[in-house]
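Have a look at the structure below before the remarks.
If you read the sequence from its start, that first residue is 1, and numbering goes on from there.
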Amino acid sequence: MDKSQHLLTHEIDKLRSRIESEPLQVLKAAEACADRAYKMLYPEGAIQSLIIMSRCYWSLMDYRKGLKRIREAYNKLGQIDNDDSLPEILHVHALQYWGQAKYYSAQQYWIRSLEQSALVDDAEIQIESLIGLGNIWRVLREYAPAKETHELAVKVANNRRIEWLEGKARILLAWDHYLLSNYIDMLSILDGAEEALQYHHDSTWHAEIWDFRGLALLGLERIEDADEAVTKAQRLVDQNNLVWMKAHSYVSRARLELMRKQPNKSSELLRLAEKAANSFEDGELLSQIYYQQSKVAEEVGDYKIALEAFKQYRSHSVNMMREQTIREGNDKARESKRILEKRALKLINRIRGQYEYDPDKHMSQVVSENYWWEQLVLFKTQLKQANYTVIVIHHTDGECLDVCMELAHTLCNQNDLLSRLSPERLGLLIGEKGEQASKVHDVLSKMVEIYPWRRRGLPAEAPNIELHDILSFPFTLEQLEQQELLCFDGDTTSVKEEQ
């Protein structure tokens, strides 16, 4: 890469952070970058510029132009010798089809994007693809797979420490729970989303959090708390002119007014919601609005308007069902090809997993319980020449110990051995003694102390971590348990004597 290409790449990378906040300005800048890339015969730069342009059109809700640009990027992939950009290109294709409410096409591209992102280990696109597939199932009213897919997206984002994607996935997971009437679960999920997005600038997500929180509180009939949450969402929508969220915000306020027995206010808010939703293609949202209009009109006794609104609701619902039917028909036509593709990918990934070794992903120092005790006895026989020390981690929660095993493994070198001694204990044999062993113990204790247990849904009570000299350490698990029991009884007796 020469200097001019390097400068252009740097300029393109800087544009990405401004796509959502300044789509028009970024679009013009990306067009200029694409022209420069064409002139200097730099296809990688042209592809990245086209991807950014397509994302800008997505933010501007001009999905047809966005689709045209991302197709250009896809066609240019043949000019370069790698497919690192392919997962994102497939994902952006899916976004444009999703915006046009072409759910079958969007689903196909997200499936392909998910497969490609796994091959190149692109965690962000993998999570985005999971989120997209969950959204497809939600729109098609398959709420259980939608919830499971969004739960997986949350888990992957949490494990990869990609907080903004974890927050995004949690918001959509809360939506799934709302449709399943799990209002209490919604509140805890949204609390996690707020924590994950506390430093993120996207005001749409913060408005969604308050809007969904209001809906959950309405479901629990906590009207005053719901009013406060929905008002905060509305304030964020108005301050930042969030076009997509305006319709959602009006629908939430309409539901609130209907619960307050104010059908006239509710009807006016739903008219505003319909006007806002008609500015972009969203059959799912429009069907919700017409359904609410039908309920409100029925509440005030205007059955003619109620019937018209219900017809509109049925029309949008039938369109979505028709899309689902088409999807199922196409699935059958392509079934043989897709089964072969899936089988090939599974075999490739299985072979790769057998032959590739990544020390960051495999706990290479974890051994069986029997082997751990055998090595302990062998080291003890070396007496004063034994260059090992034992660290025992104790906790009653098995999931907590799983996390402790991950943390302890990060401190291991090739001479150390880590094992699950019992459902409540981990044992770590470290190839150090004296001051060096104490340092390892202190570092591990500090890591356990500052670990965000609550974010993993685990008890806040910290595990007990003890450092033992190898010569005085017991020979068996039973002896260790008896020793701990005697120590506990001794402590209890001394406390009683002091009292």
Nearest 0.5 angstrom please: [X] [atom1] to [Y] [atom2], how far?
X	Y	atom1	atom2	result
Leu95	His91	CG	NE2	4.0 Å
Leu407	Lys446	CG	NZ	14.0 Å
Trp210	Lys232	CH2	NZ	3.5 Å
Leu27	Ser59	CG	OG	10.0 Å
Ser188	Asn182	OG	CG	10.0 Å
Leu217	Ile223	CG	CD1	11.0 Å

Establish, from distance only, whether the side-chain atoms of Trp205 and His200 form a donor-acceptor pair under 3.5 Å.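 There is no such pair between these side chains.
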Pair Gln48-Arg16, side-chain donor/acceptor within less than 3.5 Å: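 Yes - a donor-acceptor pair under 3.5 Å links their side chains.
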Salt-bridge present (Arg170, Asp191; N to O < 4.0 Å):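 Salt bridge absent between Arg170 and Asp191.
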Electrostatic pair Lys168-Glu208, nearest N-O below 4.0 angstrom: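 So Lys168 does not pair with Glu208 through a salt bridge.
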Tell me if the centroids of the rings in Tyr178 and Phe212 come within less than 6.0 Å of each other.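 No: the rings miss the under 6.0 Å criterion.
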Do Trp98 and Tyr103 have ring centres separated by under 6.0 Å?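 Yes, the ring of Trp98 comes within the 6.0 Å limit of the ring of Tyr103, centre to centre.
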Would you find a donor on one side and an acceptor on the other, under 3.5 Å apart, between the side chain of [X] and the backbone of [Y]?
X	Y	value
Ser117	Leu114	yes
Asp397	Cys400	yes
Asp2	Gln5	yes
His150	Ile131	yes
Arg141	Arg138	no
His10	His6	no

So do the side chains of [X] and [Y] get within less than 4.5 Å of each other, counting heavy atoms only?
X	Y	answer
Glu163	Leu197	no
Arg64	Tyr57	no
Leu24	Cys56	no
Gln100	Tyr97	yes
Ile162	Trp164	yes

Return the minimal non-hydrogen interatomic distance between [X] and [Y], and the atom names on each side.
X	Y	answer
Ala174	Leu190	CB-CD2, 3.7 Å
Leu401	His395	CD1-O, 3.8 Å
Ser54	Val92	OG-CG1, 3.2 Å
Ile12	Gly45	CD1-O, 3.5 Å
Arg213	Leu187	CG-CD2, 3.8 Å
Ser445	Ile465	CA-CD1, 3.9 Å

Tell me every residue that passes ring pair (Phe, Tyr, Trp, His ring centres under 6.0 Å) with Tyr451, counting only those two or more places apart in sequence or in another chain.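 With neighbours one apart ignored, the set is Trp453.
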Which residues satisfy the ring pair (Phe, Tyr, Trp, His ring centres under 6.0 Å) test with Trp58, sequence neighbours excluded?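 For Trp58, the residues satisfying ring pair (Phe, Tyr, Trp, His ring centres under 6.0 Å) (neighbours in sequence not counted) are Tyr63.
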Test Leu8 against Met40 for side-chain contact (heavy atoms from CB on, under 4.5 Å), laying out the working first. CA-CA 10 Å; Leu8 181 59; Met40 64 176 69; 4.1 Å; yes
Verdict with reasoning, Gln239 to Ser203, per side-chain hydrogen bond (donor to acceptor under 3.5 Å, both in side chains): CA-CA 9 Å; Gln239 287 173 354; Ser203 50; over 6 Å; no
Could I get the full list of salt bridge (Lys or Arg N to Asp or Glu O under 4.0 Å) partners for [X], not counting sequence neighbours?
X	result
Arg18	Glu22
Arg69	Glu72
Glu20	none

Could you walk me through whether Ile393 and Asn464 pass side-chain contact (heavy atoms from CB on, under 4.5 Å), step by step? CA-CA 6 Å; Ile393 305 171; Asn464 183 37; over 6 Å; no
Under 3.5 Å, which donor-acceptor pairs link side chains of residues 74-82 to any protein atom two or more places apart or in another chain?
{"from": "Asn75", "atom 1": "ND2", "to": "Arg71", "atom 2": "O", "distance (Å)": "3.2"}
{"from": "Asn82", "atom 1": "OD1", "to": "Asp84", "atom 2": "N", "distance (Å)": "3.2"}

Taking only residues two or more places apart in sequence, or in another chain, which ones meet [X] in a side chain to side chain contact (heavy atoms under 4.5 Å, CB included)?
X	result
Ala207	Leu236, Val237, Leu242, Met245
Glu195	Gln198, Arg454, Arg455
Asp13	Thr9
Ala157	Ile127, Leu165, Glu166

Per the salt bridge (charged side-chain N to carboxylate O under 4.0 Å, His left out) rule, what does the pair list look like for residues 36-46, sequence neighbours excluded?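 For residues 36-46, and leaving out neighbouring residues, the salt bridge (charged side-chain N to carboxylate O under 4.0 Å, His left out) pairs sorted by first residue read Glu11-Arg36.
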So with a 6.0 Å cut-off around CD of Gln25, is the heavy-atom count from everything else above 12?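 Yes, because the 6.0 Å sphere around CD of Gln25 holds more than 12 heavy atoms from other groups.
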Could you label the plane-to-plane angle of the Tyr109 and His93 rings as parallel, tilted or perpendicular, counting under 30° as parallel and over 60° as perpendicular?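 Geometry flag for His93 against Tyr109: parallel rings.
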I need the full list of side chain to side chain donor-acceptor pair (under 3.5 Å) pairs touching residues 215-227, with sequence neighbours left out, sorted by first then second residue.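 Qualifying pairs, neighbours excluded: Arg222-Asp225, Asp227-Thr231, Asp227-Arg260.
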For a side-chain contact (heavy atoms from CB on, under 4.5 Å) check, start with the C-alpha distance between Ile47 and Ile51, then their side-chain angles and the critical distance, and finish with the verdict. CA-CA 6 Å; Ile47 289 169; Ile51 291 172; 4.0 Å; yes
Apply side-chain contact (heavy atoms from CB on, under 4.5 Å) to Tyr143 and Leu180, showing your working. CA-CA 7 Å; Tyr143 301 137; Leu180 292 166; 3.7 Å; yes
